[in-house]
**Q** 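Below: one structure in structure tokens.
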Amino acid sequence: MPSFTVFKGSKDGVAVQSTTTKPDELVGDQVLLKVTASGVCGTDLHYTSQDMVLGHEGVGVVEKVGPDVKTLKAGDRCGWGYQTGSCLHCTECLSSHETFCSKRALFAYSNRDQGSFSYQAVWSEAFLHPIPDAISDADAAPLQCAGATVYTPLYDVRPNEVVGVMGVGGLGHLAIQFAAKMGCRVVVISGSDSKKEEAMRLGAHKFITMKEAEAARDSADWWPIKRLLVTTSAQPKWDVLLPLLAMRANVYPLSVSAGNFEIPYMPLLAQGINVVGSLVATRVMHREMLSFAAVHGIRPVIETFPMTEEGVKEALQKLDAGKVHFRAVLIPPQ
């Protein structure tokens, strides 16, 4: 039975090297991949104390395919993200909403013996996404989760719509690029002005800090935000943010945060605000996101680390300390 190196959480909260073993023969639409790059996501930090393989932003090269594989072949590059399976037959799946399938396979909830912090992996062809030639493996890795996460709430955006991005980090820096390339007017809201220059370079049209919110709202050239993507890990000050929104605006909380989601009651009613839950991308959205990123030159800002026990440890520690410049990517030995 073939075995391959993986990196998993431990009771000490430190990633350790381990081994996963899979059956000799692939079945159904299974695909064996050699992993070439893995993004490091903030969600991985929640599982460093659990006995499971980390990582869900994977890119690899096909090494072998099962008997029912229809399109992939050895040598093809593809990626996978937070979701790696569903029943494919329920109403949610048949209506292209498989991210909400009751039998969905999600990172940390299934297939805990493998992930993208790994030298190889076996996944279903149905949830593998071809990587366009224009995107490198290292750049493609963060798009498998971060890119998919911010693309989903922008999927039906209209050109010239005012899109707000709260936070300029691992998610926010990609959201700015996608929204700008879609022809939106992009307003970035941040806790400080330290990332203003970079946000404007990525495509923002306006940049304000939370302290400037009231003055910005009252200025003659303010654009009320129709769609707000919240990419900060902590809940923002809603009493400051809600007055910046247009009537019937949509709010998308995209970061994972512990505890309850709380928002002022009356402004929600009076403005007709919609708070929309969103969970990464469906398969069709995921593939369109990769194609869009390739054509429009959207790339994550990355730092690379070797996929070794020390390299994984360093990447996770820097991420936890907020010292990674947007996205970390692990590169296995070649």
Side-chain angles (χ1 to χ4, degrees), residues 39 41-42 81 132 134-135 139-140 142-191 193 195-210 212-213 216-217 221-233 236 241-242 244-255 273-282 284-302 325-327:
C41 181
I135 307 179
D139 283 339
L143 296 178
Q144 306 309 311
C145 180
T149 296
V150 301
Y151 187 86
T152 297
L154 295 171
Y155 187 65
D156 60 349
V157 77
R158 295 171 61 91
N160 206 42
E161 186 172 323
V162 182
V163 172
V165 178
M166 178 71 193
V168 186
L171 293 176
H173 90 287
L174 286 169
I176 294 167
Q177 294 181 71
F178 276 114
K181 292 295 185 180
M182 290 174 176
C184 302
R185 288 183 281 174
V186 184
V187 178
V188 173
I189 308 164
S190 185
D193 61 5
K195 296 179 181 177
K196 179 176 181 178
E197 182 178 339
E198 191 158 19
M200 302 301 286
R201 187 170 66 250
L202 291 169
H205 300 98
K206 291 182 184 291
F207 183 103
I208 64 169
T209 65
M210 291 290 281
E212 298 167 336
R217 179 198 64 198
D221 64 346
W222 177 248
W223 302 330
I225 295 168
K226 190 66 176 176
R227 192 176 303 224
L228 177 66
L229 279 58
V230 180
T231 71
T232 53
S233 55
L241 279 182
L242 293 184
L244 301 176
L245 306 186
M247 293 293 181
R248 297 185 296 112
N250 289 339
V251 175
Y252 297 87
L254 298 181
S255 299
I273 302 297
N274 299 299
V275 178
V276 186
S278 181
L279 181 68
V280 295
T282 63
V284 67
M285 288 184 192
H286 196 123
R287 294 176 191 194
E288 287 190 19
M289 176 272 298
L290 289 171
S291 177
F292 191 93
V295 170
H296 293 281
I298 295 171
R299 301 292 184 270
V301 176
I302 63 173
H325 189 55
F326 296 151
R327 303 301 292 190

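Heads up: numbering here begins at 1 and tracks the sequence.
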**Q** Would you check if the side chain of His205 reaches a backbone N or O of Val186 as a donor-acceptor pair within less than 3.5 Å?
**A**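 Checked: pair present.
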**Q** Within this structure, what is the CZ-OG1 distance for the pair Arg287 and Thr282, rounded to the nearest 0.5 Å?
**A**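 Answer rounded to 0.5 Å: 10.0 Å.
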**Q** Restricting to non-hydrogen atoms, name the atom on Ile208 and the atom on Ala216 that form the minimum distance, rounded to 0.1 Å.
**A**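 Heavy-atom minimum between the residues: CG2-CB, 3.9 Å.
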**Q** Can you list the steps and then say if His325 with Glu198 is a side-chain contact (heavy atoms from CB on, under 4.5 Å)?
**A** CA-CA 11 Å; His325 189 55; Glu198 191 158 19; 3.1 Å; yes
**Q** List the atom of Arg299, the atom of Ala134, and the distance in Å for their closest heavy-atom pair.
**A**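 Where Arg299 meets Ala134 most closely, the heavy atoms are NH2-O, 3.0 Å.
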**Q** Look at the side chain of Thr149 and the backbone N and O of Cys145, then say whether any donor-acceptor pair between them is shorter than 3.5 Å.
**A**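 Yes, Thr149 side chain to Cys145 backbone: donor-acceptor pair under 3.5 Å.
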**Q** Quick check for you: to the nearest 0.5 Å, what is the distance between Thr152 atom OG1 and His286 atom NE2?
**A**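 Those atoms lie 9.5 Å apart.
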**Q** Any non-hydrogen side-chain atom of Leu244 less than 4.5 Å from a side-chain atom of Pro224?
**A**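 Answer no - side chains too far apart.
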**Q** Anything under 30° is parallel, anything over 60° is perpendicular, the rest tilted; go ahead and classify Phe326 against His173.
**A**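 Phe326 vs His173 ring planes: parallel.
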**Q** On the ring face of Trp222, is Arg217 found with NZ or CZ under 6.0 Å from the centre and within 45° of the axis?
**A**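 Arg217 over Trp222 ring: no.
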**Q** For Leu174 and Gly147, which heavy atoms make the closest approach, and how far apart are they?
**A**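 Closest heavy-atom pair between Leu174 and Gly147: CD1-N, 3.9 Å.
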**Q** Sub-3.5 Å donor-acceptor pair from the side chain of Arg227 to the main-chain atoms of Pro153, do we have one?
**A**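 Yes.
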**Q** Looking at every non-hydrogen atom in both residues, tell me the closest pair between Leu254 and Ser278 and how far apart they are.
**A**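 Taking Leu254 first and Ser278 second, the nearest heavy atoms are CD2-CB, 4.1 Å.
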**Q** Report yes if some heavy atom in the side chain of Tyr155 is under 4.5 Å from a heavy atom in the side chain of Met289; otherwise report no.
**A**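 Side-chain contact under 4.5 Å: no.
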**Q** So which atom in Ala179 and which in Val163 form the shortest heavy-atom distance, rounded to 0.1 Å?
**A**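 Taking Ala179 first and Val163 second, the nearest heavy atoms are CB-CG1, 4.1 Å.
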**Q** Determine, stepwise, if the pair Glu161 / Arg158 fulfils salt bridge (Lys or Arg N to Asp or Glu O under 4.0 Å).
**A** CA-CA 5 Å; Glu161 186 172 323; Arg158 295 171 61 91; 5.6 Å; no
**Q** I'd like to know whether Asn274 forms a side-chain contact (heavy atoms from CB on, under 4.5 Å) with Val251, so could you lay out the CA-CA distance, the side-chain angles of the two residues, the decisive distance to 0.1 Å, and finally the verdict.
**A** CA-CA 6 Å; Asn274 299 299; Val251 175; over 6 Å; no
**Q** Calculate, to the nearest 0.5 Å, the distance between atoms NZ and CG belonging to Lys196 and Asp193 respectively.
**A**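 Spacing of NZ (Lys196) from CG (Asp193) equals 7.0 Å.
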**Q** Looking only at heavy atoms, what is the nearest atom pair of Ala293 and Leu143, with distance?
**A**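 Minimum heavy-atom contact is CB-CD1, 4.1 Å.
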**Q** Step by step, would you call Leu241 with Leu228 a side-chain contact (heavy atoms from CB on, under 4.5 Å)?
**A** CA-CA 9 Å; Leu241 279 182; Leu228 177 66; 4.1 Å; yes
**Q** With the side chain counted from C-beta on, respond yes when Val230 and Tyr252 share a heavy-atom pair under 4.5 Å apart, and no when they do not.
**A**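 In short, these two side chains do not touch, never coming nearer than 4.5 Å.
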**Q** Within the structure provided, determine whether Lys181 and Ile298 are in side-chain contact (heavy-atom separation under 4.5 Å).
**A**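 In short, these two side chains touch, coming nearer than 4.5 Å.
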**Q** Donor-acceptor check, side chain of Arg185 to backbone of Pro159, threshold 3.5 angstrom: yes or no?
**A**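 Side chain of Arg185 to backbone of Pro159, a donor-acceptor pair under 3.5 Å: no, none is there.
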**Q** Quick check against the 3.5 Å criterion: does Ser255 have a side-chain atom that pairs as donor or acceptor with the backbone of Thr232?
**A**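 Checked: pair present.
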**Q** Just so I know, are the side chains of Cys184 and Val157 near enough to count as touching, which here means a heavy-atom distance under 4.5 Å?
**A**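 Yes - at least one pair of side-chain heavy atoms lies under 4.5 Å apart.
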**Q** Nearest 0.5 Å, please: how far is OH in Tyr151 from CE in Met182?
**A**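 So the CE of Met182 and the OH of Tyr151 are separated by 4.5 Å.
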**Q** Is there a donor-acceptor contact under 3.5 Å from the side chain of Lys195 to the main chain of Val168?
**A**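 It does hold such a pair.
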**Q** With rounding to the nearest 0.5 Å, note down the distance linking CD1 in Ile273 to CZ in Arg248.
**A**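 Taking CD1 in Ile273 and CZ in Arg248, the distance rounds to 10.0 Å.
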**Q** Can any side-chain N or O of Thr231 pair as donor or acceptor with the backbone N or O of Met166 at less than 3.5 Å?
**A**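 Yes.
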**Q** If you count heavy atoms of other groups shown closer than 6.0 angstrom to NZ of Lys206, is the number above 12?
**A**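 Check passes, neighbour count above 12.
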**Q** Return yes if some donor-acceptor pair links the side-chain N/O of Gln144 with the main-chain N/O of Gly39 below 3.5 Å, else return no.
**A**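 Checked: no pair found.
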**Q** Is the closest side-chain heavy-atom distance between Val165 and Val187 below 4.5 Å?
**A**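 Sidechains of Val187 and Val165: no contact.
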**Q** Verify side-chain contact (heavy atoms from CB on, under 4.5 Å) between His296 and Gln177, making sure each step is shown before the conclusion.
**A** CA-CA 9 Å; His296 293 281; Gln177 294 181 71; over 6 Å; no
